Amino acid sequence: MAINWTEAQIEEVINAVIKSLNGGAPTVKNEWDSTQYNGRKLIGVYADMNDAIDAATAGYKAIRAMSLEEREKVISAIRELCRKEASVMANLGVAETKMGNVPHKTAKHMLVADKTPGTADIVAQVKTGDYGLTLTEMAPFGVVGSITPSTNPSETVICNSIGMIAAGNGVVFNPHPNAIATSNYAVDLVNRACASAGGPQVLVASVVKPTLDTAQIMYKHPNIRLLVCTGGPGVVKSVLSSGKKAIGAGAGNPPVIVDDTADVRKAGKDIIDGCSFDNNLPCIAEKEVFAFANIADELIDSMLANGAYKINAEQANRLAGIVLVDVKNPKTGIVKKTVSRDCVGRSAKVLLEKIGVKVGDEVRCIICETDFEHPFVQHELMMPILPIVRVKNIDEAIDLAVKAEHGNRHTAHMHSKNIDNLTRFARAVETTIFVKNAPSYAGIGFGGEGHTTFTIAGPTGEGLTSARSFTRFRRCVLSESFRII
Ligand code: NAD
């Protein structure tokens with residue numbers, strides 16, 4: 001039987017073979033210069049991780065000497081520069097990582113600038129009584145070591161910086177190697193803003209070439225008092241094994257349930273809006289749908305009317321063979337299906353081309369009907385491919401959705417007007433974020449109430465991190481005084 005493979009398919013297979021020959025080690029092909037932008041040297045970027053930590057330590061000492069008001073001025077300057085340069089970072093991020101899209105990345109930077117809490121998030125607690133007054137204050141840790149992902153690179157650097165600086169910390173980053181130019185641009189932006197507002201020249205620092213070794217230096221350095229990690233399961237496990245206080249923001253696989261009380265047409269639009277946002281890169285984005293069988297056709301119609309393209313079972317299986325590749329663990333020799341880095345964050349149009357389907361830019365998302373076992377349901381793809389599984393009733397929907405979430409306890413969504421169904425699913429799935437009747441991004445303050453973050457710490461329990469997550473509580477007791485009543 002002759003197989004007519006497209007060039008893209010052949011490239012995928014070659015990449016998969018190279019990966020397995022490398023024993024599964026990630027091939028970092030990024031040749032971007034992470035030390036300068038348009039000939040301007042980036043501030044706070046060091047060849048040696050130890051030098052980066054020294055610089056962030058000096059920055060921390062400088063900010064310790066500043067008043068809260070001065071600190072807030074630094075944060076306002078970061079917000080302003082982030083708004084001004086949002087599209088620069090969005091363009092840089094898309095060009096460097098080849099993932100996501102510029103308008104959505106620009107919107108994400110605006111969201112970070114507008115809705116990441118500053119010093120107002122740091123609130124002291126007071127207890128008075130017969131024995132006087134006890135004050136509990138949220139103090140900085142010192143220098144925070146932060147590991148950031150490729151999916152929201154500059155967004156995470158700036159969001160972390162605002163929160164960590166508001167809490168009074170210095171920060172050193174070990175960014176994702178495939179997004180190092182974009183991440184270091186954001187480090188430089190924070191330092192430029194800080195200096196312009198009267199702060200130190202370098203408050204946050206990074207390295208030219210982050211590796212697992214530079215991460216280890218960070219883990220072991222005595223000046224690093226808190227580790228914050230945003231990424232997949234491997235890196236979260238590694239920081240949690242570091243022996244230091246760590247905040248872990250890990251992987252998700254957010255399921256969506258649509259029952260037969262939902263506004264089905266709105267649900268179809270909301271789900272496609274959320275799923276296709278930045279080509280599905282946000283960890284909170286809709287990844288698989290469980291739809292009541294009696295409304296599934298209407299839901300699919302609404303999705304098709306809102307930028308979805310439906311593929312059949314044969315096309316879905318062929319696409320699965322391209323977007324998921326076999327990677328062998330060099331230690332155990334076990335071969336595991338892993339998302340192809342060459343497909344993560346790509347547009348629906350590019351992904352459809354890989355199976356020989358040509359569509360226009362109006363197509364935002366690929367949908368298909370699958371069974372529960374299908375790899376599209378089971379894997380966190382981070383690309384705009386949305387499997388839809390028909391279910392009989394709420395029991396089956398909840399059972400399958402909870403299983404598909406794999407115990408990450410990250411994010412889940414539901415479209416329903418039945419309060420009992422909504423409550424039952426929210427209780428069963430136990431996720432950090434649960435969005436009802438809205439696109440997923442409402443969960444991080446985009447069209448929904450509440451602050452934003454790009455570090456959602458499910459495993460370690462901080463939830464949607466903010467300045468207070470990066471503090472340590474200190475108590476001061478004044479005995480038998482200061483109670484004025
Ligand atoms: P990734 O796991 O590939 O990399 C994250 C970072 O960890 C990178 O800087 C990488 O170089 C580093 N790293 C990887 N293994 C390491 C190790 N053993 N020791 C030290 N550093 C290590 O992440 P990615 O592909 O860029 O991001 C996608 C993943 O991150 C998805 O699983 C997504 O759900 C998750 N994510 C979670 C959140 C959240 O807030 N919970 C936010 C964004 C992304």
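Just the heavy atoms: all of them, side chains too, but no hydrogens, waters or symmetry mates, feed the values below. Order of listing sets the numbers, starting from 1, for every ligand and every atom in it. For clarity, every value in this text was computed on a predicted model and none was experimentally measured.
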Would you say the side chains of [X] and [Y] form a donor-acceptor pair under 3.5 Å?
{"X": "His104", "Y": "Asn101", "answer": "yes"}
{"X": "Asn152", "Y": "Lys108", "answer": "yes"}
{"X": "Asn30", "Y": "Glu96", "answer": "yes"}
{"X": "Thr453", "Y": "Thr465", "answer": "yes"}

Hey, is CD on Glu80 packed in by over 12 heavy atoms from elsewhere, all under 6.0 Å? no
I need the contact type for [X] against ligand 1. Using non-hydrogen atoms and a strict under-4.0 Å cut-off, is it side chain, backbone, both or neither?
{"X": "Ala251", "value": "both"}
{"X": "Ser238", "value": "side chain"}
{"X": "Phe173", "value": "neither"}
{"X": "His410", "value": "side chain"}
{"X": "Pro175", "value": "backbone"}

Among protein heavy atoms, which sits nearest to [atom], and what does the distance come to when rounded to 0.1 Å?
{"atom": "atom 6 (C) of ligand 1", "answer": "Ile147 CG2, 3.5 Å"}
{"atom": "atom 30 (O) of ligand 1", "answer": "Gly231 C, 3.0 Å"}
{"atom": "atom 44 (C) of ligand 1", "answer": "Thr151 OG1, 3.7 Å"}
{"atom": "atom 17 (C) of ligand 1", "answer": "Leu212 CD2, 3.2 Å"}
{"atom": "atom 11 (O) of ligand 1", "answer": "Pro177 CD, 3.1 Å"}
{"atom": "atom 39 (C) of ligand 1", "answer": "Cys283 SG, 3.4 Å"}
{"atom": "atom 32 (O) of ligand 1", "answer": "Glu380 OE1, 2.8 Å"}
{"atom": "atom 29 (C) of ligand 1", "answer": "Gly232 N, 3.5 Å"}

Work out whether the distance between some heavy atom of Met382 and some atom of ligand 1 is less than 4.0 Å. yes
Check contact between Asn174 and ligand 1, using heavy atoms of the residue and a distance below 4.0 angstrom. yes
Should Lys115 and Glu449 be marked as a salt bridge (Lys or Arg N to Asp or Glu O under 4.0 Å) after you check the CA-CA gap, both sets of side-chain angles, and the distance that decides it? CA-CA 10 Å; Lys115 294 191 89 172; Glu449 288 301 325; 5.5 Å; no
Validation row: Ile147, Phe173 side chains within 4.5 angstrom (heavy atoms): no
Using a 4.5 Å cut-off on heavy atoms from C-beta on, say whether the side chain of Asn160 contacts that of Thr148. yes
Give the atoms of ligand 1, by number and element, whose distance to some non-hydrogen atom of [X] is under 4.0 Å.
{"X": "Gly252", "value": "34 (O)"}
{"X": "Thr148", "value": "6 (C), 8 (C), 9 (O)"}
{"X": "Tyr219", "value": "19 (N), 20 (C)"}
{"X": "Phe454", "value": "40 (O), 42 (C)"}
{"X": "Ala215", "value": "20 (C)"}

Pick from [options]: the one approaching [atom] most closely through a non-hydrogen atom:
{"atom": "atom 25 (O) of ligand 1", "options": "Arg341, Lys287, His176", "answer": "Arg341"}
{"atom": "atom 13 (N) of ligand 1", "options": "Leu281, Asn152, Val235", "answer": "Val235"}
{"atom": "atom 40 (O) of ligand 1", "options": "Thr230, Ile284, Ile456", "answer": "Ile456"}

Any donor and acceptor pair, going by atom type alone, linking the side chain of [X] with main-chain N or O of [Y] inside 3.5 Å?
{"X": "Asp121", "Y": "Ala467", "answer": "yes"}
{"X": "His379", "Y": "Leu381", "answer": "no"}
{"X": "Asn169", "Y": "Met164", "answer": "yes"}
{"X": "Asp273", "Y": "Pro439", "answer": "no"}
{"X": "Asn253", "Y": "Ala404", "answer": "yes"}

Students often mix this up, so state it plainly: with edges at 30° and 60°, are the rings of Tyr441 and Phe446 parallel, tilted or perpendicular? perpendicular
